[in-house]
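Fair warning: this is a prediction, and the values are worked out from it, not measured in the lab.
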Amino acid sequence: MRRSGRIATPRTAGLSATVLTGYGLAAVLGGLAVAVFALLLAAGGDAQSAPPYAYIGRVLGFTLWQAFLSTVISLLAAIPMTRALARQAQFPGRMLLLRLCALPMVMPTIVGIFGVVAVYGGSGYLAWAADAAGVDWQPRLYGLAGILIAHVFFNLPLAIRLLLPAFASVPAESWRLAAQLGMGSRDIFRIIEVPLLRQQLPGIAIIIFMLCFTTFAVALTLGGGPRATTLEVAIYQALRFDFDLRLGAMLAILQVIFCAGGAWAVWRAGRQMVLGNTARLVAYRYDGRASLARLADFGVIILGAVFLTLPILALVQRGLAGMVAAASVASLLKATMISLGLGLAGGLTATLVGYLIAQARQRMLSSGQKRGAMLLGLTGRLGLFVSPMVIGMGIFLAATGSIDLYRIAAAGVILLSAVMALPFVLGVLEPALEVAAARHDRLCAALGLTGWNRFCHIDWPTLRRPIATALALSSVIAMGDLGAIALFGNQDMVNLTLLLYGQLGAYRLDGAASTALILLGLALAFYWTIERVVGGRELH
């Protein structure tokens, strides 16, 4: 009798309550998407008047154009800076600069927008420098220019952090061989780096394009008028101000179609370049040693560092100087408590749902059901191709005439924030669960550890730090989100994000500076505290 060498693990032997819950949550998310789509279709077919196709075409055209320009500029700036950082692997402040590249991804969007206004706005640093130099020039930030600057500020660090590991993955033997062959910088770029960029850039470009395509806070704050309206902002205006459900439904369906296409493109472009095995030598690059090359590299690095640092320095300087013009202590305390409460609730919801879905997905991978695992992962990433504003639109349509949404506004904010943060949670937890499964599944099967006992003794010590990172990241995202609170918020539920948006809209820049600084400090402290308390000390 032939015996199989495969041990039936707890993940493949049966369905635990955790896995069943993960399947159920994924089914709920999928059903939510289908229900929202059906509601939008129903709302779009009632009116007698012709749809405003000219307006829809103009909004769609501007959305695509600004996303395309933002993506191109971000990548054109990221490639030389990433190459310079890869060639100059050791210089004072390199680690600080790499950490600075992570700050815009954690920083609430509205805070970064204020930093951009403080530098490039009508009363910003550039306008002050031009006035001091006697130049008659006034910057025009609001409109397409402001949207592009803000998008590049947020997406340039993202592109660098995605490209830099690809440059570092080139084996050390390749650089040694290039040096032995006498290859110059131009030859190295053509033979080694261009093929690498061809593999990496499509996926990165699609991700940045979709982030810019679904932009809300940037376009709402810096758009400056109807000519600079994106689909996300048009949906918000149709729902919140005009209450034109038909127009909002048509815009939402259009956005779902484009975002679904973008999600499919991200999945198709997700292949990695295989560079072969390496002897694990230090990847020392021999190009870029000449004085002229070093001067060019450090010039690019300094320019990028100045672009990323100026808005943050302006935020700190103006925030400290504007404390006297800050909102009242009572309103700031109330907004802070609401921000912390909504952020933690949204983060906990996203982390719990993400963990259960990731567990169910890992169970399918362990049993060889790769297509089902892929579908489960895509369902968990609903927020990437179905905008939270679209989901909010569906909730509004479903509740019209039956539920007073403003009485349960907090639940709507938490739900939308969790859906938006869920893809980031899955991005952190899924790789950690795959590693944990490869290490511990067979041992747990041999010891008979399942369910809660396995989680307490095996999974929690192993996954504690990834769970803490996911919780910290999702909580900060939920705390700094403007879309959900702008859609469901009211005068009784104003967090720091909504308070800052109101101050910017009223051009109370001194008060906005202090609010932005408080929000940034709170977000960083919140992130650090959650990682330390939940993650504990790193095991060695």
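Here the shortest heavy-atom pairing between A234 and V59 reads CB-CG1, 4.0 Å. Summarising the geometry of A478 relative to G347, their closest heavy-atom pair is CB-N, 4.3 Å, with the distance given to 0.1 Å. Nearest heavy-atom pair, L231 versus L60, reported as atom, atom and distance to 0.1 Å: CD1-CD1, 4.0 Å. Here the closest heavy-atom approach between residue T230 and residue T63 is recorded as CA-OG1, 3.2 Å. Nearest heavy-atom pair across V425 and G354 is CG1-CA, 4.0 Å. The two atoms that bring G304 and M81 nearest to each other are CA-SD, 3.7 Å, heavy atoms only.
F62 is listed as a side-chain neighbour of Q66, based on a closest heavy-atom distance under 4.5 Å. Taking 4.5 Å as the limit, some side-chain heavy atom of I518 sits within range of a side-chain heavy atom of L496. Proximity of T229 to Y55: side-chain heavy atoms (C-beta onward) are separated by under 4.5 Å at one or more points. Side-chain contact check for F167 versus L197: some heavy-atom pair is nearer than 4.5 Å. Contact check for V419 versus L422: no side-chain heavy atoms found under the 4.5 Å cut-off. In this structure, the side chains of L308 and C101 come closer than 4.5 Å at one or more pairs of heavy atoms. Between V152 and F307 the shortest side-chain heavy-atom distance falls below 4.5 Å. Looking at I192 and L196, their side chains never come closer than 4.5 Å, going by heavy atoms from C-beta outward.
Qualifying side chain to side chain contact (heavy atoms under 4.5 Å, CB included) partners for A130, counting only residues two or more places apart in sequence or in other chains: V135, W137. With sequence neighbours left out, S74 forms a side-chain hydrogen bond (donor to acceptor under 3.5 Å, both in side chains) with no residue at all. The side chain to side chain contact (heavy atoms under 4.5 Å, CB included) check on F68 picks up W65, V72, F209, with sequence neighbours excluded. For F153, there are no ring pair (Phe, Tyr, Trp, His ring centres under 6.0 Å) partners at least two apart in sequence or on another chain. For A205, the side chain to side chain contact (heavy atoms under 4.5 Å, CB included) partners are T71, L75, not counting sequence neighbours. The ring pair (Phe, Tyr, Trp, His ring centres under 6.0 Å) search around Y120 returns none, not counting sequence neighbours. For R190, the salt bridge (Lys or Arg N to Asp or Glu O under 4.0 Å) partners two or more places apart in sequence, or in a different chain, are D187. With sequence neighbours excluded, the residues satisfying side chain to side chain contact (heavy atoms under 4.5 Å, CB included) with A432 are L463, P466.
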_Evaluation steps, side-chain contact (heavy atoms from CB on, under 4.5 Å), between L520 and F114_ = CA-CA 11 Å; L520 176 60; F114 175 82; over 6 Å; no
*Could you go step by step and tell me if F154 and L211 meet the side-chain contact (heavy atoms from CB on, under 4.5 Å) rule?*
CA-CA 10 Å; F154 284 109; L211 290 174; over 6 Å; no
*Decide yes or no on side-chain contact (heavy atoms from CB on, under 4.5 Å) for I79 and L201, but give the supporting numbers first.*
CA-CA 10 Å; I79 291 172; L201 284 182; 3.8 Å; yes
*Do T214 and Q255 pass the side chain to side chain donor-acceptor pair (under 3.5 Å) test, and can you show the C-alpha distance, the side-chain angles, and the key distance before you say yes or no?*
CA-CA 8 Å; T214 57; Q255 182 163 338; 5.6 Å; no
*asked:* One pair to check against side-chain contact (heavy atoms from CB on, under 4.5 Å): T497 and L519. What are the steps and the verdict?
replied: CA-CA 8 Å; T497 307; L519 180 55; 3.9 Å; yes
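Between I530 atom CD1 and L471 atom CG the span is 4.5 Å, to the nearest 0.5 Å. Of the inter-residue distances, the one linking T351 atom OG1 with I467 atom CD1 reads 8.5 Å to the nearest 0.5 angstrom. In this structure, L433 CG and Q362 CD are separated by 6.5 Å, a value rounded to the nearest 0.5 Å. Rounding to the nearest 0.5 angstrom, the gap separating the CG atom in L416 from the CD1 atom in I485 is 10.5 Å. For the atom pair I301 CD1 and R87 CZ, the distance stands at 9.5 Å (nearest 0.5 Å). In this structure, T469 OG1 and L473 CG are separated by 8.5 Å, a value rounded to the nearest 0.5 Å.
The number of heavy atoms from other shown groups lying within 6.0 Å of CZ (R94) is above 12.
Listed by first and then second residue, the salt bridge (Lys or Arg N to Asp or Glu O under 4.0 Å) pairs involving residues 424-437 are R361-E430, R361-E434, R381-E430 (not counting sequence neighbours).
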Enumerate, atom names and distances included, each donor-acceptor pair closer than 3.5 Å involving a side-chain atom of residues 522-529, sequence neighbours excluded.
| from | atom 1 | to | atom 2 | distance (Å) |
| --- | --- | --- | --- | --- |
| T529 | OG1 | A525 | O | 2.7 |

Tell me which donor-acceptor pairs under 3.5 Å the side chains of residues 157-166 have, and how far apart each pair is, sequence neighbours excluded?
| from | atom 1 | to | atom 2 | distance (Å) |
| --- | --- | --- | --- | --- |
| R161 | NH1 | L98 | O | 3.2 |

Identify all side-chain donor-acceptor contacts of residues 310-320 below 3.5 Å with residues at least two apart in sequence or on another chain.
| from | atom 1 | to | atom 2 | distance (Å) |
| --- | --- | --- | --- | --- |
| Q317 | OE1 | Y125 | OH | 2.8 |
| R318 | NH2 | S123 | O | 2.4 |

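A donor-acceptor pair is defined here as one N or O able to donate and one able to accept, closer than 3.5 Å; no such pair exists between the side chain of S475 and the backbone of A472. In this structure, T109 contributes its side chain and V218 its backbone to no donor-acceptor pair below 3.5 Å. Between the side chain of N155 and the main chain of H151, a donor-acceptor pair closer than 3.5 Å is present.
Remark: the Y236 side chain and the E232 side chain contain no N/O donor-acceptor pair separated by less than 3.5 Å.
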